[in-house]
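Below is one structure; the comments refer to it alone.
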Amino acid sequence: MQRSTQAPPPQNPLLVQWIIWGALLATYGIYGYICFLQSQGEPIEPWNQLFLLKPLLFMSAIMLFLSHLLPKRVFMGSLRILPPEMITEKVISMRMVVPNVISWALTESVAIYGLILVFRTKDITPFYIFGGIGVLNMLILRPNPEKWLNLAKEFTRQQHRS
């Protein structure tokens with residue numbers, strides 16, 4: 001057996017992110033279909049009077065807030081361990097994958113809260129609200145290398161001042 005001495009082709013981190021983002025966005029369609037099937041028949045109880053509604057609204061607000069705050073913190077933390085001269089566009093493109101996936105996963109939880117309410121009430125309305133907010137946030141948080149490049153530039157400027 002001969003082993004190849006060639007290095008594997010480099011992965012495009014931005015392409016990987018678009019694939020992950022698209023797959024997560026597509027799950028909203030799956031959730032919607034499940035909600036549609038579950039909501040067939042008469043509602044069990046009014047969803048807007050359900051005890052779970054207030055905690056799920058509170059958790060949704062926290063998840064949406066964290067989906068914008070936490071990834072930036074993770075990204076900046078990953079840059080802190082690197083010497084400033086190693087912070088290049090290629091390094092940034094590799095370092096932005098995990099923060100993006102974190103933000104998308106937090107956003108996905110909002111749609112799941114709507115799914116939970118549909119299972120409890122057999123009314124699809126809460127999924128339209130929670131899922132719509134989730135989709136809107138996913139569109140806002142789509143892969144955007146410029147945002148991360150600007151954050152890294154800001155970070156390096158702060159490092160040079162210190």
Side-chain angles (χ1 to χ4, degrees), residues 11-81 89 91-158:
Q11 293 181 1
N12 181 348
L14 188 57
L15 177 63
V16 170
Q17 289 179 68
W18 276 107
I19 291 169
I20 294 169
W21 180 81
L24 288 172
L25 193 60
T27 60
Y28 284 86
I30 295 168
Y31 295 157
Y33 179 69
I34 291 169
C35 287
F36 172 75
L37 292 176
Q38 183 64 28
S39 67
Q40 299 301 304
E42 291 297 314
I44 298 171
E45 56 188 308
W47 70 272
N48 55 356
Q49 295 176 6
L50 190 64
F51 173 75
L52 275 177
L53 181 62
K54 288 180 184 173
L56 291 179
L57 284 172
F58 180 70
M59 288 302 296
S60 293
I62 289 173
M63 292 302 134
L64 291 172
F65 174 73
L66 288 177
S67 72
H68 291 273
L69 175 72
L70 192 60
K72 289 178 186 173
R73 300 263 178 157
V74 169
F75 180 71
M76 299 298 249
S78 74
L79 293 181
R80 275 195 186 89
I81 62 171
E89 283 190 36
V91 169
I92 291 167
S93 69
M94 296 297 287
R95 299 270 174 171
M96 67 187 200
V97 175
V98 171
N100 274 336
V101 172
I102 289 170
S103 67
W104 302 331
L106 291 169
T107 299
E108 194 87 9
S109 68
V110 175
I112 292 173
Y113 298 150
L115 185 67
I116 290 167
L117 289 171
V118 171
F119 275 99
R120 287 280 295 135
T121 64
K122 287 191 158 279
D123 185 357
I124 199 167
T125 308
F127 178 74
Y128 289 147
I129 296 168
F130 284 80
I133 291 169
V135 166
L136 181 64
N137 202 46
M138 284 290 283
L139 293 173
I140 291 169
L141 294 172
R142 68 190 176 282
N144 184 356
E146 292 82 27
K147 174 179 88 172
W148 299 106
L149 283 169
N150 291 336
L151 261 171
K153 287 176 185 175
E154 178 185 315
F155 174 77
T156 52
R157 277 194 295 260
Q158 289 175 356

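Just so you know, residue 1 is the first one in the sequence shown, and it goes up from there.
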Which pairs of donor and acceptor atoms, one on a side chain in residues 134-141, lie under 3.5 Å apart (sequence neighbours left out)?
from	atom 1	to	atom 2	distance (Å)
N137	OD1	H68	NE2	2.8
N137	ND2	S67	OG	3.0
N137	ND2	T107	OG1	2.8

Review point. Can you check whether P71 reaches N100 side chain to side chain, under 4.5 Å on heavy atoms?
Key: no
In Å and rounded to the nearest 0.5 Å, what is the [atom1] to [atom2] distance from [X] to [Y]?
{"X": "L79", "Y": "L151", "atom1": "CG", "atom2": "CG", "value": "8.5 Å"}
{"X": "L66", "Y": "M59", "atom1": "CG", "atom2": "CE", "value": "8.5 Å"}
{"X": "I44", "Y": "T121", "atom1": "CD1", "atom2": "OG1", "value": "7.0 Å"}
{"X": "L53", "Y": "I116", "atom1": "CG", "atom2": "CD1", "value": "12.0 Å"}
{"X": "I124", "Y": "L37", "atom1": "CD1", "atom2": "CG", "value": "9.0 Å"}
{"X": "S103", "Y": "M63", "atom1": "OG", "atom2": "CE", "value": "13.0 Å"}

Restricting to non-hydrogen atoms, name the atom on [X] and the atom on [Y] that form the minimum distance, rounded to 0.1 Å.
{"X": "V118", "Y": "D123", "value": "CG2-O, 3.3 Å"}
{"X": "L117", "Y": "L52", "value": "CD2-CB, 4.2 Å"}
{"X": "E108", "Y": "L24", "value": "OE1-O, 3.4 Å"}
{"X": "W104", "Y": "Q17", "value": "CH2-O, 3.4 Å"}

Practice item. Show your reasoning for whether side chain to side chain contact (heavy atoms under 4.5 Å, CB included) applies to S93 and L14. Key: CA-CA 7 Å; S93 69; L14 188 57; over 6 Å; no
Per the salt bridge (charged side-chain N to carboxylate O under 4.0 Å, His left out) rule, what does the pair list look like for [range], sequence neighbours excluded?
{"range": "residues 23-49", "result": "E45-R120"}
{"range": "residues 135-147", "result": "none"}
{"range": "residues 47-56", "result": "none"}

Check your understanding: Does any N or O in the side chain of K122 come within less than 3.5 Å of the main-chain N or O of G41, such that one atom is a donor and the other an acceptor?
Key -> no
Review point. Quick one: ring-ring contact (aromatic ring centres under 6.0 Å, His included) pairs with a partner in residues 110-154, sequence neighbours left out?
Key: F75-W148
Review point. Do the side-chain N and O atoms of Y33 and Q38 include a donor-acceptor pair separated by under 3.5 angstrom?
Key: no
Review point. In chain order, what residues pass the ring-ring contact (aromatic ring centres under 6.0 Å, His included) check against W47, with sequence neighbours excluded?
Key: none
